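One-based numbering, in listed order, for ligands and for the atoms of each. Remember, it's a predicted structure, so these values are computed and weren't measured experimentally.
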Amino acid sequence: MDEKTKFAHLGRPEPGLATAVNLSITRASTLLFNKAEDLYRHDIRAYGRHGSDVHDAVELAFNTLENGEGTSLTPSGFSACTLAILANVKAGDHILVTDSVYAPTRMFSEAFLTKFDIKAERYDPRIGASIESLFRDNTSVIISESPGSLTFEIQDLPAFVTAAKARDIVNIVDNTWSGGISYMPLDLGADISVHAATKYVGGHSDIMFGAVVSRTAKMAKKVADTRKALGFATSPDDAYQILRGFRSLHTRFEVQEKTGFNLASWLEKQGFVHSVLHPALPSHPDHELWKRDFKGGASLFGVILNPTSPEKVIAFMNNLKFFGLGFSYGGFESVAIHCDPQLNRKFGRKLPGPLIRFGCGLEDIEDLKSDISQASIHLS
Ligand SMILES: Cc1ncc(COP(=O)(O)O)c(C=O)c1O
């Protein structure tokens, strides 16, 4: 069955006599029992934090998306990243974090986890099988993100999986870039795939939500137990919007991916551009790895401008009309940020010019091209 068909139908109520197409939202903290002897049963939901039918449907959708055995839902994408890590570390551990990971995940690993005497070591995203040389007796987790935030390196996940297997090291992948559509880390052997559903799944830039999807039931239980211990919960209204997002996810993604690739290809030919960081372009240094491991692209990519002054970059940004200036991506509207203030690379080759990140929405490609063209006058 095609994915679009699958996601149009999963998690819906059984039709009866004039049944609604969609599940109902049950808002609850307290759940009432008519018999005291049922209050402490472990086989049923006893409290609002334990979820609802809509939450169950969202978990099913993530499991289906990623071929996972279990999903824990979280109040943001970032809390999904921290939950996945916390479920798999203990005091005194050593963890490996890609240099190109989402910045708050890097900060959590390098600063917050030191409270528990956990040491985070950054690795070059292009390290490949040599990751093994960084393993210590206490290494518990490898965190990767492919392509990496801002600099878009593709990581050799199958090499990481092979290296980690012998030592029982857990591979956690932040799979937000691909929306779970063009990259299947669990199929490649990762233990956990993390999503900021805030982006493509929500799709309308009006919701914060995250998911931790596990390849095995054992890992899913470990994550679920940690979620419970931390008290993370998501509201049924937010879960409902995420389920609604799933209905059109593949259709929106297809359009946005195409616009992203076409815009990236067009930008490569513009005089003010030094290079474009999009793994689906043959010019990308990791293009072969992308072809091997990915099913497609996405709408988010970077553009390195020819050297110019910071003032001209700001003028370019301020003159964009259809690209909103803002963090995040995956919504129906296009966005852009200038990245240099965020770059904090240990292994980065020095970039030859200022870096702009574009995220394409559902606008017409010709409008986006002419927007960039008119703003680019301010770069010369
Ligand atoms: C790759 C990646 N992971 C995680 C997050 C965090 O998601 P959220 O904003 O929902 O907390 C983001 C947000 O930009 C992201 O880009």
[atom] [closest protein heavy-atom partner, distance rounded to 0.1 Å]:
| atom | result |
| --- | --- |
| atom 11 (O) of ligand 1 | F78 N, 2.8 Å |
| atom 10 (O) of ligand 1 | T198 OG1, 2.5 Å |
| atom 8 (P) of ligand 1 | G77 N, 3.4 Å |

Among [options], which one has a heavy atom closest to [atom]?
| atom | options | answer |
| --- | --- | --- |
| atom 14 (O) of ligand 1 | M208, K199, H195 | K199 |
| atom 4 (C) of ligand 1 | D174, T74, T105 | D174 |
| atom 5 (C) of ligand 1 | F327, W177, Y102, F209 | Y102 |

Check ligand 1 against E145 and write out every atom of the ligand that is under 4.0 Å from a heavy-atom position of the residue.
1 (C)
Counting N and O atoms only, with roles assigned by atom type, does the side chain of [X] sit under 3.5 Å from a partner on the main chain of [Y], one being a donor and the other an acceptor?
| X | Y | result |
| --- | --- | --- |
| H195 | T176 | no |
| K321 | N319 | yes |
| Q256 | G331 | yes |

Any chance you could lay out the salt bridge (Lys or Arg N to Asp or Glu O under 4.0 Å) test for R292 and D156, step after step, and finish with the verdict?
CA-CA 10 Å; R292 189 193 70 185; D156 192 343; 2.7 Å; yes
From CA spacing to verdict: side chain to side chain contact (heavy atoms under 4.5 Å, CB included), I44, R41:
CA-CA 6 Å; I44 47 167; R41 275 173 57 171; 3.8 Å; yes
Is any side-chain N of the basic residue among D53 and R45 closer than 4.0 Å to the acidic one's carboxylate O?
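Salt bridge present between D53 and R45.
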Under 4.0 Å, counting heavy atoms only: does Y329 come that close to any atom of ligand 1?
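Distance cut 4.0 Å: Y329 passes for ligand 1.
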